[in-house]
Amino acid sequence: MNIVEQAHYQLDRSWIGVLESELDKDYLTELSDFLVQEKVLNKVIYPPNEMVFAAFKHTNFDDLKVVILGQDPYHGAGQANGLCFSVAAGNKTPPSLRNIFKELQTDLGITPANHGCLQSWAQQGVLLLNSVMTVEKGDPGAHAKQGWERFTDQVIRLVSEKTTGVVFMLWGSYAQEKASLIDASRHLILQSTHPSPFSAYRGFFGSKHFSLANNYLKGAGVECIDWQLPAEQNASGQITLEL
């Protein structure tokens with residue numbers, strides 16, 4: 001299954017009309033050929049095929065409230081689940097996500113979850129979008145400049161053009177470069193340093209982006225995001241209670 005077929009299969013139906021013309025572009029065929037060739041060379045690619053478009057699967061375009069931008073997926077085994085900053089259940093919470101949880105606790109008094117899967121945010125209308133949507137195992141940035149950026153830049157443009165009142169969280173210089181794609185007269189753009197341990201103390205901590213986002217949504221008469229993650233589910237589907 002090539003990239004375009006995966007997209008049609010995985011995208012929530014609300015995105016099909018928005019992205020249909022983009023999915024017909026030749027550059028996505030070239031991107032698909034690149035990924036096929038990587039697999040022919042026995043390279044391991046993350047996230048798994050069925051999770052590549054997870055950000056669009058779990059977030060309905062018509063319910064979109066917040067966009068958080070990442071760079072590319074985690075490159076360790078079993079981590080990436082198609083949502084930026086999020087890790088699949090059962091993984092240790094990565095450092096940047098731990099700092100996101102710290103800021104949430106300071107900002108809104110939310111107790112950090114016992115896991116790092118952000119799917120519940122996505123289901124409430126938070127598009128967790130990596131600029132580059134695949135990566136080679138152990139090689140961050142390996143799939144940069146192969147076509148993903150053109151696709152995700154267009155996603156940002158289309159969200160800006162076709163919606164109003166969306167909060168864009170741009171953390172770090174890479175994400176902040178995307179501000180030029182967004183109409184600031186129609187949306188709220190929040191910028192800070194990256195939550196990485198190398199930069200979080202230079203502006204991410206204390207930025208209060210989560211309360212600012214909810215205040216903006218509330219002011220527009222839109223239901224706020226519940227940033228508190230639910231307890232983690234184990235493999236059998238049973239809830240692991242947080243004590």
Engineer: Ignoring hydrogens and angles, tell me if any N or O in the side chain of Arg98 forms a donor-acceptor pair with the backbone of Thr93 under 3.5 Å.
Structural biologist: yes
Engineer: First locate atom CG of Leu158, then atom CD of Gln154, and finally report the distance between them rounded to the nearest 0.5 Å.
Structural biologist: 4.0 Å
Engineer: So, the side chain of Glu103 versus the backbone of Asn99: is there a donor-acceptor pair under 3.5 Å, distance only?
Structural biologist: no
Engineer: Taking all heavy atoms of Glu149 and all of Ala144, pick out the closest pair and write down the distance.
Structural biologist: OE2-CA, 3.4 Å
Engineer: Looking just at side-chain N and O atoms, do Trp148 and Thr134 make a donor-acceptor pair shorter than 3.5 Å?
Structural biologist: yes
Engineer: Tell me whether Lys178 forms a cation-pi arrangement with Tyr174, defined as NZ or CZ under 6.0 Å from the six-membered ring centre and within 45 degrees of its axis.
Structural biologist: yes
Engineer: What are the two closest heavy atoms between Phe101 and Gly116, and how far apart are they?
Structural biologist: CZ-CA, 4.4 Å
Engineer: Sorted by first residue and then second, give each ring-ring contact (aromatic ring centres under 6.0 Å, His included) pair with at least one member in residues 9-30; sequence neighbours left out.
Structural biologist: Trp15-Phe56, Trp15-Phe61
Engineer: Would a 4.5 Å heavy-atom cut-off, applied to side chains only, mark Phe204 and Ser199 as touching?
Structural biologist: no
Engineer: Between atom CD1 of Ile3 and atom CZ of Phe151, what is the distance when rounded to the nearest 0.5 Å?
Structural biologist: 9.0 Å
Engineer: With a 3.5 Å distance limit and no angle check, can you tell me whether Asp72 reaches the backbone of Val135 through a side-chain donor-acceptor pair?
Structural biologist: no
Engineer: Apart from Phe198 itself, what residues make up its hydrophobic cluster when side-chain heavy atoms of I, L, V, M, F, W and Y under 4.5 Å apart count as a link, directly or indirectly?
Structural biologist: none
Engineer: Looking at Gly76, is its backbone amide N or carbonyl O close enough to the side chain of Gln79 to form a donor-acceptor pair, meaning the two atoms are under 3.5 Å apart?
Structural biologist: yes
Engineer: Do Phe210 and Met169 have side-chain heavy atoms sitting under 4.5 Å apart?
Structural biologist: yes
Engineer: Would you please classify the geometry between the Phe85 ring and the His194 ring as parallel, tilted or perpendicular, with 30° and 60° separating the classes?
Structural biologist: tilted
Engineer: Between Leu129 and Ile156, is any pair of side-chain heavy atoms under 4.5 Å apart?
Structural biologist: yes
Engineer: Show the atom names and distances, to 0.1 Å, of all donor-acceptor pairs under 3.5 Å that link a side chain in residues 42-54 to residues at least two apart or in another chain.
Structural biologist:
| unit_1 | atom_1 | unit_2 | atom_2 | d |
| --- | --- | --- | --- | --- |
| Lys43 | NZ | Glu38 | OE1 | 3.4 |
| Asn49 | OD1 | Lys39 | NZ | 2.7 |

Engineer: For Ser211, does its backbone N or O pair with a side-chain atom of Asp107 as donor and acceptor, under 3.5 Å?
Structural biologist: yes
Engineer: Just by modelled atom types, is the Lys102 backbone N or O under 3.5 Å from a matching donor or acceptor in the Thr106 side chain?
Structural biologist: yes
Engineer: Mind checking whether Trp171 and His209 have parallel, tilted or perpendicular rings, split at 30° and 60°?
Structural biologist: parallel
Engineer: Would you say Asn2's side chain and Glu5's backbone share a donor-acceptor pair under 3.5 angstrom?
Structural biologist: yes
Engineer: More than 12 heavy atoms of other residues, nucleotides or ligands under 6.0 Å from CD of Glu223: is that the case?
Structural biologist: no
Engineer: Are any non-hydrogen side-chain atoms of Ile68 and Cys84 less than 4.5 angstrom apart?
Structural biologist: yes
Engineer: Measure the shortest side-chain to side-chain distance between Asn214 and Ile225 over non-hydrogen atoms and say whether it is less than 4.5 angstrom.
Structural biologist: yes
Engineer: Are Asn60 and Ser14 linked by a side-chain donor-acceptor pair shorter than 3.5 Å?
Structural biologist: yes
Engineer: Strictly distance-based, threshold 3.5 Å: is any side-chain N or O of His143 a donor or acceptor partner for the main-chain N or O of Met133?
Structural biologist: no
Engineer: When you measure from the side chain of Arg157 to the backbone of Ile182, do you find a donor-acceptor pair of N or O atoms at a distance under 3.5 Å?
Structural biologist: no
Engineer: So Asn215 and Leu217, do their side chains get closer than 4.5 Å, heavy atoms only?
Structural biologist: no
Engineer: Tell me if a side-chain donor or acceptor on Gln228 pairs with a main-chain N or O of Thr111 at a distance below 3.5 Å.
Structural biologist: yes
Engineer: If you take all heavy atoms of Cys224 and Lys218, which pair is closest and at what distance?
Structural biologist: SG-CB, 3.9 Å
Engineer: Begin with the C-alpha distance, continue with both residues' side-chain angles, and end with the deciding distance and a verdict on side-chain contact (heavy atoms from CB on, under 4.5 Å) for Leu188 and Phe168.
Structural biologist: CA-CA 6 Å; Leu188 176 63; Phe168 288 84; over 6 Å; no
Engineer: Pair Ser86, Asn81 - check side-chain hydrogen bond (donor to acceptor under 3.5 Å, both in side chains), show working.
Structural biologist: CA-CA 7 Å; Ser86 175; Asn81 65 355; 3.0 Å; yes
